[in-house]
Each structure stands twice: as structure tokens, then as C-alpha cells.
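Letters go in sequence order (proteins before strands), and every chain restarts at 1. Computed over heavy atoms, backbone and side chain alike; hydrogens, waters and symmetry mates excluded.
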Protein chains: 2
Amino acid sequence: MKQVDTDDITSLILEVFRLNGALTAAGDRLVGDLGLSSARWQVMGAVALAPAPLTVPGIARDMGLTRQSVRRVVRELVSEGILALEPNRAHRRSHLVVLTRRGARLYSEASARQRPWAAALAQDVPARSLVLATNLVRTLRERLEEST
Amino acid sequence: MKQVDTDDITSLILEVFRLNGALTAAGDRLVGDLGLSSARWQVMGAVALAPAPLTVPGIARDMGLTRQSVRRVVRELVSEGILALEPNRAHRRSHLVVLTRRGARLYSEASARQRPWAAALAQDVPARSLVLATNLVRTLRERLEEST
DNA sequence: TAGCAAATGACAGCATGCTGTCAATTCGTA
DNA sequence: TACGAATTGACAGCATGCTGTCATTTGCTA
């Protein structure tokens, strides 16, 4: 029987809202004792995984956030010695963001915790299902960003 | 070719973060001129679609948020004449939240806008794909909430 | 029925993300 | 090369969601 109140796309939207909240909370719990959070961890991930050092607006573009949101997190992490700013030959004011040695250690530890956590979360879910869902979510997100 | 940096479940997680942001922004744009927002609209939806009137903690449970987050939005909407609080026979302090006539009108207008918007967003996506993705997202969310 | 645990409202404070504004810098193009 | 548009950092303020705390009310159970 079909739902009367919400159609298929609306159901997906509401579930995405709830999963987002649950993921953020779980991430906060997973790395909270390291002095990290979901938001900090994600910024560090963008820095750690980029093929070349990024600027603050570059991180924001990578994450789909505004440069101002990223800016505040980056400044906090810099003030705590987790990230550092390096001169940028391509731009006098916009520095490159890199992990300090301490930041790299913390990110390693977070990654080590994330691997078994993610494996447990996805247990018994076929990889193909994950990929299909990811592609659908990406398609919807791209459509929304186009219409901006 | 497989990604080297992130596995399938991590890719899905990152896309869910981005879709969440894009959906919230799109919702804000869609109903902003009505004096609404994604958050306000969702609370009104929980109230409008509930089979029986809900309390603030009831709305929070329905949405997967804390009662304190919902409480502030509800108080704002009450102060603006969009929601109203009614006596609750089952609990002296915890009132029932209902839409005012004005709130119902606004919710109608928001729904009228949402229908074509949602249809366009899901255009050419098979209903079956939406349902499969929704079920997967729900499964992941439930696993995360269990482990709390 | 008495008492204790859970639920609830209220208040306070914090984290995360957004917008708007302004000056400095960079970049494309005429 | 010079000018105008786009990018960027900085500052300010707001919306949304969270946690912690405390008193009140409910509800379960011994």
C-alpha cells in the first residue's frame, strides 16, 4: 500500500535529514575525545586527501559549504595547532591550509576508528546498493546546485 | 576503477552531508517569502500530518531531533500565530501543538509549491530507485540510532 | 499507595552553517 | 596595460541544532 501523506521523493528527503543528524552525532561521539567533531574531521579530511594543498575557499568548494563556515573551523584548528597556514605563491592573502604533525596524527587516529565503524554500519549491505544510492543522492544534489 | 581514498559507504556519507545542505538551502528559498524556512516547514509538516495532535517532545521524536530544538521553533511559530498550544488532557504541562488557520493556509501554500518542485527534482528517476535508496538510508539511520 | 524513575518545560550556553558588508587582491578582457 | 568583475579575508549577526541543569509532572512498581 502506498503512503498517502508523502510521495517517494519526499520520503527520501525526510530520511536524508534524519540520517544527516544521526551521522553527525555518531561522528561527534567517535572522535569527541580527540578534541575533534564531525565538522572538524571533515575539514581535516578535505585537507588530508587533496592532491595538492587547498585554500579555505577551496576546501569550502570541495565540501559544498560556504567559505565563511570553513574559515571559522580552520581558524580554530590553526589556533589549536592541528592545521597550519602556509604562504601561497598563487595568492598573497589566501594561504594554503595543511595538517601539522599533530593534526596528521589525530587524523590517522580518527581514520583508524572510522574504518571498523564504517564496516559495521554497512555490514550486509551489498556494495552495489551503496553505489546506486550514492549515485542517486549525487544526482539530486547536482540538480539542486544547478538551480541555484 | 575504484576510488582509493574513500570506500563506498564513506562516499555515500559525504554525499548525504552535501545533499542535506542543498535540500535545506532549496527549502529555505522555496518558502522564504512566506516567512518560513526548512526547519519551520518541517515542524509544521509533523503537526499537519500527525493522525492526532502532538506535543513538543512528540514532534521531536517524529523528526529525530531533540525536544529543545523543536521547542524553540514551536515557540517562535506560536508567537507569530502560525501554531497554537491547546490543553492536553493527558499532561498538565505538555500542551498539544496545532496549526492555526493562518498556519494551515501557509502550509497549504508551501505544499502547493513543493509538489512541482519535488516532481522536477525526481524527474526521470524510477520510483523503484527512490524507494531502494530510501530503504537503505533508513536502515543506516536505524543502525546508528540503535547504537546510541 | 508511596516512592522513585522517566518525561517535560524552561533557561543558559555552545557548535555549525548561513547571509551581508567592505576592503584588498586577482584575473579576464578590451 | 588598464579597467571592471570575481575572489578572498575579515567582521558582524542570525538560524538551527545540541548539551547541561533544575523544578514539575507522570507513570511504573514494590
Please tell me if B:Arg72 has a side-chain N or O lying less than 4.0 Å from either OP1 or OP2 of C:dG9. no
For B:Ser69 and B:Thr66, which I'm curious about, is there any donor-acceptor pair between the side chains at under 3.5 Å? yes
Of the candidates C:dT19, D:dG9, D:dG17, the side chain of A:Pro57 sits closest to D:dG9
Return the value, rounded to whole Å, for the distance between atom CZ of A:Arg71 and atom P of C:dT16. 15 Å
I need the CZ-P distance between B:Arg40 and D:dC14, as an integer number of Å. 14 Å
Return the value, rounded to whole Å, for the distance between atom NE2 of B:His95 and atom P of D:dT25. 11 Å
Heavy-atom nearest nucleotide on DNA chain C taken for A:Asp28 and for B:Val56; more 5' hit belongs to B:Val56
When you group the ILVMFWY residues by side-chain heavy-atom contacts below 4.5 Å and let the links chain together, are A:Leu96 and A:Leu85 in the same group? no
Indicate yes or no: does B:Arg143 engage A:Asp124 in a salt bridge with an N to O separation below 4.0 Å. no
Rounded to whole Å, how long is the line connecting atom CG of B:Asn20 with atom P of C:dG17? 10 Å
Which nucleotide in the list D:dT8, D:dC18, C:dG17 gets nearest to the side chain of A:Ser94? D:dT8
Minimum heavy-atom separation for A:Arg67 and A:Pro57, please, with both atom names. CB-CA, 4.1 Å
Measure the distance from CZ on B:Arg67 to C1' on D:dG20 and round it to the nearest whole Å. 11 Å
Roughly, in whole Å, what's the span from CG in B:Leu23 to C1' in D:dT16? 16 Å
For B:Arg113, is there an ion pair with B:Glu109 - N to carboxylate O distance below 4.0 angstrom? yes
So does A:Arg75 get a side-chain nitrogen or oxygen closer than 4.0 Å to the phosphate oxygens (OP1/OP2) of D:dC11? yes
Rounded to whole angstrom units, what separation is found between the CG atom of B:Leu96 and the C1' atom of C:dT8? 13 Å
Closest nucleotide among C:dC18, D:dC18, C:dA10 to the B:Ser69 side chain: D:dC18
Ignoring hydrogens and geometry beyond distance, is the side chain of A:Gln68 in donor-acceptor contact with the base of D:dG13 at under 3.5 Å? no
Considering every strand and a 4.0 Å limit on heavy-atom distances, what is the contact class for B:Ser37: base, sugar-phosphate, or nothing? sugar-phosphate
Please answer whether the main-chain N or O of B:Asn20 pairs with a side-chain N or O of B:Thr24 as donor and acceptor at a distance below 3.5 Å. yes
Nucleotide C:dC18, atom P - distance to CZ of B:Arg18 in whole Å: 11 Å
Please list, for nucleotides 26-29 of chain C, all pairs of protein and nucleotide N/O atoms separated by less than 3.5 Å.
from	atom 1	to	atom 2	distance (Å)
C:dT26	OP1	A:Arg92	N	2.6

Side chain to side chain donor-acceptor pair (under 3.5 Å) between A:Ser38 and A:Asp28: does it pass, once the steps are laid out? CA-CA 5 Å; A:Ser38 286; A:Asp28 288 345; 3.3 Å; yes
